Amino acid sequence: MTTTLGALRADITTLEVDAIVNAANSSLLGGGGVDGAIHRAAGPELLAECRRLGGCPTGEARITGGYRLPARHVIHTVGPVWRGGAHDEPELLAACYRNSLALAAHHGLRSLAFPCIGTGIYGFPAEAAAGIAVTTVREALHGSGIHQVLFCCFSEADLLVYRSLLDD
Ligand code: AR6
């Protein structure tokens, strides 16, 4: 089976995939950035379901419904707060991608879209984060049953970085 890995520039809340990934915080109770956009677009039912999850540690992932989103599910993962790079930030970011994919595979999902986890409010350097994202997803896809992974960039600069990594 071939898996398509792609990058696009879009608002992730518009994507019709089995799941979009949310760059959440450990409370899972919403916030700014992509998290705020996803909660606004999904509606209050998403927050109600998130409340029942009781939070999520950094690097782990949890799944909910997508409610008013075109995506059927949301996978919430918590990136590391960047503190200079020597506090396991790269490993924790890789774990976000790995655990999100594993959860999607466990639920039989076929298509998935990731935002640039950790690179906004949490401050992870964007190019390094993209390298970790692409490498980790490539490694973790084998045998997962997932057909399509999209890297959903919000800026043109991020899109160019992902395009060059995916062309390699
Ligand atoms: N669609 C796709 N990407 C987006 C969108 C969107 N609608 N909006 C923003 N981005 P961030 P983090 C991009 O800050 O760094 C929240 O308050 C954005 O340009 O959303 O993991 C949470 O509750 C950037 O490239 O997430 C946490 O407290 C990427 O999404 C904290 O922020 C991630 O930026 C998490 O910070």
Side-chain angles (χ1 to χ4, degrees), residues 3-7 12 15 17-39 46 49-66 71-155 158 161-162 165-166 168:
T3 306
T4 319
L5 283 190
I12 201 166
L15 300 182
V17 284
D18 289 343
I20 60 171
V21 177
N22 182 17
N25 61 66
S26 57
S27 77
L28 298 186
L29 298 180
V34 71
D35 192 8
I38 288 172
H39 275 274
L46 178 61
E49 185 176 359
C50 284
R51 281 191 202 287
R52 296 196 290 273
L53 296 176
C56 176
T58 303
E60 294 190 16
R62 301 288 185 268
I63 190 167
T64 65
R72 285 200 289 129
H73 298 276
V74 179
I75 292 177
H76 307 261
T77 189
V78 183
V81 177
W82 180 259
R83 292 191 289 149
H87 295 84
D88 288 336
E89 294 96 327
E91 294 77 12
L92 289 165
L93 186 66
C96 288
Y97 285 92
R98 225 175 11 250
N99 287 324
S100 297
L101 278 170
L103 194 55
H106 182 75
H107 286 265
L109 308 188
R110 301 287 190 205
S111 59
L112 200 57
F114 284 100
C116 303
I117 299 165
T119 66
I121 292 161
Y122 280 180
F124 205 112
E127 288 200 25
I132 291 167
V134 171
T135 305
T136 307
V137 167
R138 277 192 177 131
E139 283 170 5
L141 270 175
H142 294 290
S144 69
I146 293 169
H147 293 198
Q148 186 187 39
V149 175
L150 296 172
F151 295 103
C152 180
C153 301
F154 211 46
S155 73
D158 280 334
V161 171
Y162 274 93
L165 288 167
L166 293 172
D168 281 349

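All figures in this text were calculated on a predicted structure; none of them were measured in a lab.
Between T77 and N99 the shortest side-chain heavy-atom distance does not fall below 4.5 Å. A 4.5 Å side-chain heavy-atom check between P115 and F154 finds every atom pair outside the cut-off. Residues I121 and V81 have side chains not in contact (no heavy-atom distance under 4.5 Å, counting atoms from C-beta outward).
Within the structure, every pair that satisfies the ring pair (Phe, Tyr, Trp, His ring centres under 6.0 Å) test and touches residues 84-113, not counting sequence neighbours, is listed here: Y97-F114. For residues 115-140, no residue pair satisfies the salt bridge (Lys or Arg N to Asp or Glu O under 4.0 Å) rule, not counting sequence neighbours.
When all heavy atoms of L166 and G6 are compared, the closest pair comes out as CD1-C, 3.7 Å. The two residues A7 and Y162 have their closest heavy-atom pair at CB-CB, 3.7 Å. Counting all heavy atoms, side chain and backbone alike, C96 lies closest to S100 at O-OG, 2.7 Å. Across all their heavy atoms, L101 and A140 have their closest contact at CD1-CB, 3.6 Å. Across S144 and A105, no two heavy atoms sit closer than the pair O-CB, 3.4 Å.
S111 pairs by the side-chain contact (heavy atoms from CB on, under 4.5 Å) definition with V17, D18, Q148, not counting sequence neighbours. Judged as a side-chain hydrogen bond (donor to acceptor under 3.5 Å, both in side chains), and not counting sequence neighbours, T58 has no contacts. Evaluation of the side-chain contact (heavy atoms from CB on, under 4.5 Å) rule for L165 yields A130, V134, V161 as partners, not counting sequence neighbours. Remark: S26 engages no residue in a side-chain hydrogen bond (donor to acceptor under 3.5 Å, both in side chains) (not counting sequence neighbours). Residues passing the salt bridge (Lys or Arg N to Asp or Glu O under 4.0 Å) test with R62 are E60, sequence neighbours excluded. Residues passing the side-chain contact (heavy atoms from CB on, under 4.5 Å) test with N25 are S27, D35, Y122, sequence neighbours excluded. Scored by the side-chain contact (heavy atoms from CB on, under 4.5 Å) test, A104 finds I75, L109, L112, I146 as partners (sequence neighbours excluded). Checked against side-chain hydrogen bond (donor to acceptor under 3.5 Å, both in side chains), D158 has the following partners two or more places apart in sequence or in another chain: S155.
Checked by atom type, the side-chain pair T4/H147 shows no donor-acceptor distance below 3.5 Å.
Panel note: side chain E89, backbone F124; no donor-acceptor pair is recorded below 3.5 Å. Not one N or O on the side chain of R98 forms a donor-acceptor pair closer than 3.5 Å with the backbone of T136. Here the side chain of N22 pairs no donor or acceptor atom with the backbone of V74 at under 3.5 angstrom.
In this structure, NE2 on H76 lies 4.0 Å from SG on C50, to the nearest 0.5 angstrom. Annotation: the span from D88 atom CG to L93 atom CG amounts to 12.0 Å, rounded to 0.5 Å. The SG atom of C152 lies 4.5 Å from the CD1 atom of I12; values are rounded to the nearest 0.5 Å. The structure places CG of L103 at 10.0 Å from NE2 of H73, a figure rounded to the nearest 0.5 Å. With rounding to the nearest 0.5 Å, the separation of CD1 in I117 from CD1 in I132 is 11.0 Å.
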